[in-house]
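Following: one structure in structure tokens, then a few remarks.
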Amino acid sequence: MAGNTRNPGQSVSSRLLAILAVFDETRPSLALSDIANGSGLALATAHRLVAELVEWGALVRTDSGEYVIGRRLWKLGMLAPDQSDLREVASPFLHDIYGATLATVHLAIRDGDQVLYLDRLAGHASVPAVSRIGARLPLHATGVGKVLLAFAPADVRERVLGSLTRLTPYTVVHAGTLASELRRVHRDGYAKTVEEMTLGACSVAVPIRRRDDEVVAALGIVVPNLGRDRASLVAALQVAANGIRRNFH
């Protein structure tokens, strides 16, 4: 066993956990060699254990050959008290907004340098959106993402602003422009996008705060265009966010 790991007495479960521990918010996607180096395992051992994790659903191999955290781990993570409580508290408010607008409604949190969708309501009349429960999308191109980015730690903002990718012709990829938008989120209390993630889809989003005023999530809505409805949509989202805040500890 000595050739398989830098710690010969390490159990199989410890090795599996070491593999998962290599992934973090700065390294959400890794090649097999990076996983082996980061976990201290021989390449052959890492290959075998990664294959088991893929089969179980803890990891997913992407088209590029790298590995990312799988949906099954996300589902387990959703059982953590904070996230499950947030979804439970927010659910009736999401349903109220959806019932009034028939538009796609999102509840999301920041997961590293991405936005993670905890809940989503949509119907046949909703604008098609790429979001799915458990999906991760760029912070800079989504309404909920911009809210979460505005209140993220400075190092997160710096990383995101330093690597802006264009997803549609309307995606904001100029760091100075986006930084100005993030300052307006603090000033105005909401973020907006206009066809920045998906053509034909616009959004507004507001922060959800805990009672201690910490921003823990974002609530957003996706519509074909904002126009005259922007103010009323923002107001509805803010009422819902305040309701969630009163009930979320």
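Quick note: numbers below take in every heavy atom, side chains included, and nothing from hydrogens, waters or symmetry partners. This is a predicted model, so every value here is computed, not measured.
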Can you confirm whether [X] sits close enough to [Y] that some side-chain heavy atom of one is under 4.5 Å from a side-chain heavy atom of the other?
X: Leu59; Y: Ile69; result: yes
X: Ile208; Y: Val215; result: no
X: Val160; Y: Arg157; result: no
X: Leu219; Y: Leu94; result: yes
X: Arg184; Y: Tyr190; result: no
X: Thr62; Y: Tyr67; result: no
X: Phe248; Y: Asp85; result: yes

Does any pair with a residue in residues 53-70 pass salt bridge (Lys or Arg N to Asp or Glu O under 4.0 Å), and if so which ones, sequence neighbours excluded?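 Passing the test, one end in residues 53-70: no pairs.
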Which atom names give the shortest non-hydrogen contact between [X] and [Y], and what distance separates them?
X: Gly143; Y: Ala191; answer: O-CB, 3.7 Å
X: Ala122; Y: Thr104; answer: CB-OG1, 3.5 Å
X: Ala205; Y: Val147; answer: O-CG2, 3.5 Å
X: Ile109; Y: Ala217; answer: CG2-CB, 3.9 Å
X: Asp229; Y: Ser232; answer: O-OG, 2.9 Å
X: Pro207; Y: Ala241; answer: O-CB, 3.5 Å

Would a distance-only check, ignoring hydrogens and angles, find a side-chain to backbone donor-acceptor pair under 3.5 Å from [X] to [Y]?
X: Arg210; Y: Arg245; answer: no
X: Thr168; Y: Glu195; answer: yes
X: Thr198; Y: Ala201; answer: no
X: Arg120; Y: Leu107; answer: no
X: Asp213; Y: Arg209; answer: no
X: Thr101; Y: Ile97; answer: yes
X: His47; Y: Leu43; answer: no
X: Arg110; Y: Gly112; answer: yes

For the atom pair [atom1] ([X]) and [atom2] ([Y]), what is the distance rounded to the nearest 0.5 Å?
X: Ser39; Y: Phe23; atom1: OG; atom2: CZ; value: 9.5 Å
X: Lys192; Y: Glu181; atom1: NZ; atom2: CD; value: 6.0 Å
X: Arg159; Y: Leu149; atom1: CZ; atom2: CG; value: 10.5 Å
X: Leu118; Y: Ser91; atom1: CG; atom2: OG; value: 12.0 Å
X: Phe151; Y: His186; atom1: CZ; atom2: NE2; value: 4.5 Å
X: Cys202; Y: Asn225; atom1: SG; atom2: CG; value: 6.0 Å

Just to verify, which of [options] counts as forming a side chain to side chain contact (heavy atoms under 4.5 Å, CB included) with [X]?
X: Glu52; options: Leu49, Val50, Val54; value: Leu49
X: Leu137; options: Arg132, Met197, Gln114, His106; value: Met197
X: His140; options: Leu178, Leu182, Thr193; value: Leu178

Can you tell whether the side chains of [X] and [Y] come within less than 4.0 Å, N to carboxylate O?
X: Asp34; Y: Arg27; result: no
X: Arg183; Y: Asp188; result: no
X: Lys146; Y: Glu196; result: yes

Decide yes or no on side chain to side chain contact (heavy atoms under 4.5 Å, CB included) for Asn242 and Phe93, but give the supporting numbers first. CA-CA 10 Å; Asn242 286 332; Phe93 296 97; over 6 Å; no
Atom NE2 of His174 with >12 non-hydrogen neighbours under 6.0 angstrom: no
OH (Tyr170) with more than 12 external heavy atoms under 6.0 Å: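 No, OH of Tyr170 has 12 or fewer neighbouring heavy atoms, counting only those of other groups under 6.0 Å.
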Evaluation steps, side chain to side chain contact (heavy atoms under 4.5 Å, CB included), between Thr171 and Leu164: CA-CA 9 Å; Thr171 308; Leu164 299 175; over 6 Å; no
Chi angles and distances behind the side chain to side chain contact (heavy atoms under 4.5 Å, CB included) call for Leu53, Leu20: CA-CA 9 Å; Leu53 290 169; Leu20 295 175; 4.2 Å; yes
Would Tyr117 and Ile133 count as a side chain to side chain contact (heavy atoms under 4.5 Å, CB included) if you check the C-alpha gap in whole Å, the side-chain angles of each, and the deciding distance to 0.1 Å? CA-CA 5 Å; Tyr117 289 83; Ile133 295 176; 5.7 Å; no
Would you say the side chains of Thr177 and Ser180 form a donor-acceptor pair under 3.5 Å?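 Short answer, no.
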